[in-house]
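Residue numbers count from 1 along this sequence.
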Amino acid sequence: MIGKVITGRSFGGCIRYVVQKHDAVVLEAAGVRMQQVNQIINDFNLQRKYNPNLGKAVGHIALSWSVNDAAKLTDELMVNLAKEYLQKMRILDTQYLIVKHRDKDHPHIHIVYNRVNNNGKTISDNFQKQRNAQIAKELTLKHGLYISPGKEKVNRQRLKGEDKVKYELFDAIRAASKKVKNINELKQVLAKQGIVTHLKYKSGTTEVQGISFSKGEYKFKGSEIDRSLSYAKLSQAIEQQQVKPEKSLADQLREVMENAKQERENLDKTEQTTYLKPEPETHYLRQSLSAGPDLLGDLLGNIADDDDSPEKKRRKKNKQQQSRGISR
């Protein structure tokens, strides 16, 4: 979804273009009579008189979608998208007209609204272009609509006026920025193509705050053309893309040999790994286990010898008496 915002002075010229276009279909209107074109124009002009000091009272917005969305974009959905867009753009409580055109392959509608609202107050157009781009993207994502891969895919042949110049600037700046080393060189390259580069400086200093580009009667900030063309991002891109000098064949061979040598050294270190502590000696444990039965037998024998039961004492006494008789 793409929005294009325009302000003008004549409701007559704008409404005749929108309504009388071949195959135009009025989808919805608010605050105006719809029987005749002149009635629509008169109703818009009547309300603008509440604020006669506002010269550009005509609000005109074109909303376009990708041809990939044509199947899902019913008239009802386009009207709902238009209303949601107007609400987010803070275009409220005023007359409006929503008309569908069918002269292009891609679906698109035109919205004409009165910048003098129903209470006679002015609907501000400050920062409308910036809000337009943001809101169009939000609605595209919210409703699952097709997103173009980028400005490179836009059909330049269909563009006219301001949009045509904007894309011409985009193409020229992107191409030139890849061949230069700094902003000053970029200015010189673009000047040969009839494009003037304007730098905005911080008051009283040489610090650059912004950049703009102009061609013919049109002038745009870099960020208006594309976010990548703001002064900060453009300068950063030019700095990062500086081509490093190619290494000579000798340098490349040295690098290969050095890498191979480093890999061999790492491999040797792995194979000759030593331990800070020796492995535990397990043969002591094996010897203890093998000697276990003998130690157990001796232990049981000692336990038996130390038996001081009354029966053993009696037998021992008898043996001692018999020994004395024999000796006598």
Side-chain angles (χ1 to χ4, degrees), residues 1-21 24-65 75 77-101 107-140 159-166 212 217-221 223-225:
M1 177 175 171
I2 298 175
K4 181 178 180 181
V5 181
I6 307 168
T7 56
R9 298 178 182 276
S10 172
F11 277 111
C14 181
I15 291 171
R16 288 191 179 93
Y17 165 76
V18 169
V19 175
Q20 294 180 340
K21 186 85 171 182
V25 178
V26 177
L27 299 181
E28 185 161 314
V32 294
R33 295 168 293 172
M34 295 301 302
Q35 286 76 16
Q36 297 179 2
V37 174
N38 286 338
Q39 287 180 335
I40 301 173
I41 297 170
N42 290 337
D43 289 343
F44 271 103
N45 282 327
L46 181 63
Q47 182 156 306
R48 80 181 297 176
K49 292 181 180 179
Y50 293 148
N51 191 347
N53 294 325
L54 181 63
K56 293 186 175 182
V58 181
H60 179 194
I61 298 169
L63 295 181
S64 303
W65 294 272
D75 290 352
L77 179 56
M78 284 191 284
V79 169
N80 290 336
L81 287 168
K83 289 181 177 180
E84 190 172 357
Y85 173 89
L86 290 174
Q87 184 178 18
K88 288 181 176 293
M89 288 286 286
R90 302 169 197 163
I91 300 171
L92 306 169
D93 300 321
T94 192
Q95 298 167 311
Y96 66 80
L97 183 68
I98 302 174
V99 182
K100 178 175 73 172
H101 283 184
H108 63 286
I109 60 175
H110 291 263
I111 305 172
V112 181
Y113 69 94
N114 203 329
R115 292 190 59 221
V116 178
N117 71 11
N118 299 333
N119 298 315
K121 296 183 179 180
T122 301
I123 296 176
S124 174
D125 62 350
N126 292 337
F127 308 109
Q128 268 197 334
K129 290 185 178 180
Q130 292 87 335
R131 289 205 309 272
N132 161 66
Q134 180 182 351
I135 292 167
K137 184 177 181 180
E138 288 179 5
L139 294 179
T140 299
L159 299 175
K160 297 179 181 179
E162 180 178 311
D163 288 335
K164 182 179 180 180
V165 174
K166 184 179 290 188
S212 301
E217 61 180 309
Y218 297 101
K219 181 179 179 181
F220 306 95
K221 293 179 181 179
S223 57
E224 287 180 328
I225 300 171

(request) Would you list the pairs meeting salt bridge (charged side-chain N to carboxylate O under 4.0 Å, His left out) in which at least one residue belongs to residues 27-41, sequence neighbours left out? (result) E28-K83, R33-D43
(request) Working to the nearest 0.5 Å, report the span between CE of M78 and CD1 of I109. (result) 6.5 Å
(request) Taking all non-hydrogen atoms of both residues into account, name the closest pair between E224 and Q130 and its distance. (result) OE2-NE2, 4.4 Å
(request) Working to the nearest 0.5 Å, report the span between CG of N118 and CD of Q47. (result) 4.5 Å
(request) Without swapping roles, check the side chain of N117 against the backbone of D93 for a donor-acceptor pair under 3.5 Å. (result) no
(message) Suppose we screen for ring pair (Phe, Tyr, Trp, His ring centres under 6.0 Å). Which residues come up paired with Y50, at least two apart in sequence or across chains?
(response) none
(message) Run the side chain to side chain contact (heavy atoms under 4.5 Å, CB included) test against L46 and tell me which residues pass, sequence neighbours left out.
(response) none
(request) Would you name the heavy atoms of A57 and V116 that are closest together and state the gap between them? (result) CB-CG2, 4.4 Å
(request) Before giving the answer on side-chain contact (heavy atoms from CB on, under 4.5 Å), spell out for Q134 and F127 the whole-Å C-alpha distance, their side-chain angles and the decisive distance to 0.1 Å. (result) CA-CA 11 Å; Q134 180 182 351; F127 308 109; over 6 Å; no
(message) Going by side chain to side chain contact (heavy atoms under 4.5 Å, CB included), name the residues that satisfy it together with E217, two or more places apart in sequence or in a different chain.
(response) none
(request) Give, for atom CG of L86 and atom CD1 of I61, the distance between the pair rounded to the nearest 0.5 Å. (result) 5.5 Å
(message) Tell me whether the rings of H110 and H108 are parallel (<30°), tilted (30 to 60°) or perpendicular (>60°).
(response) perpendicular
(request) Enter the distance from R9:CZ to L54:CG here, rounded to the nearest 0.5 Å. (result) 9.0 Å
(message) Show me the pairs that pass salt bridge (charged side-chain N to carboxylate O under 4.0 Å, His left out) and involve residues 49-58, at least two apart or across chains.
(response) none
(request) For Q87, enumerate each residue passing the side chain to side chain contact (heavy atoms under 4.5 Å, CB included) test, keeping only those at least two apart in sequence or located in another chain. (result) L92
(message) I need the L63 CG to L81 CG distance, nearest 0.5 Å.
(response) 8.5 Å
(message) Tell me which pairs pass salt bridge (charged side-chain N to carboxylate O under 4.0 Å, His left out) where either residue lies in residues 109-132, with sequence neighbours left out.
(response) R115-D125, K129-E162
(request) Keeping the roles fixed (side chain from Q95, backbone from G31), state whether a donor-acceptor pair exists under 3.5 Å. (result) yes
(request) Name all residues meeting the salt bridge (charged side-chain N to carboxylate O under 4.0 Å, His left out) criterion together with D75; count only those two or more places apart in sequence or in a different chain, and write none if there are none. (result) K100
(message) Looking at every non-hydrogen atom in both residues, tell me the closest pair between V112 and C14 and how far apart they are.
(response) CG2-SG, 3.8 Å
(message) Tell me every residue that passes salt bridge (charged side-chain N to carboxylate O under 4.0 Å, His left out) with K4, counting only those two or more places apart in sequence or in another chain.
(response) D163
(request) Heavy atoms only: give me the nearest A29-V32 pair and the separation to one decimal. (result) CB-CG2, 3.9 Å
(message) Using the ring pair (Phe, Tyr, Trp, His ring centres under 6.0 Å) criterion, which residues pair with F11? Sequence neighbours excluded.
(response) F44
(message) If I compare all heavy atoms of A82 with all of I98, which pair ends up nearest, and what's the gap?
(response) CB-CD1, 3.8 Å
(request) Could you tell me whether the side chain of I15 reaches within less than 4.5 Å of the side chain of V18, counting heavy atoms only? (result) no
(request) Look up atom CZ in R90 and atom CD1 in I135, then write down how far apart they are to the nearest 0.5 Å. (result) 7.5 Å
(request) Please name all residues satisfying side chain to side chain contact (heavy atoms under 4.5 Å, CB included) with A30, sequence neighbours left out, ordered by chain then number. (result) Y96
(request) Indicate yes or no: at least one non-hydrogen side-chain atom of N38 is less than 4.5 angstrom from one of R16. (result) yes
(message) I need the minimum non-hydrogen distance between L97 and V99, along with the two atoms involved.
(response) CG-CG2, 3.8 Å
(request) Quick one: list whatever passes salt bridge (charged side-chain N to carboxylate O under 4.0 Å, His left out) with K21, sequence neighbours left out. (result) D103
(message) Is it the case that atom CD1 in I6 sees more than 12 heavy atoms from other parts of the structure closer than 6.0 Å?
(response) yes
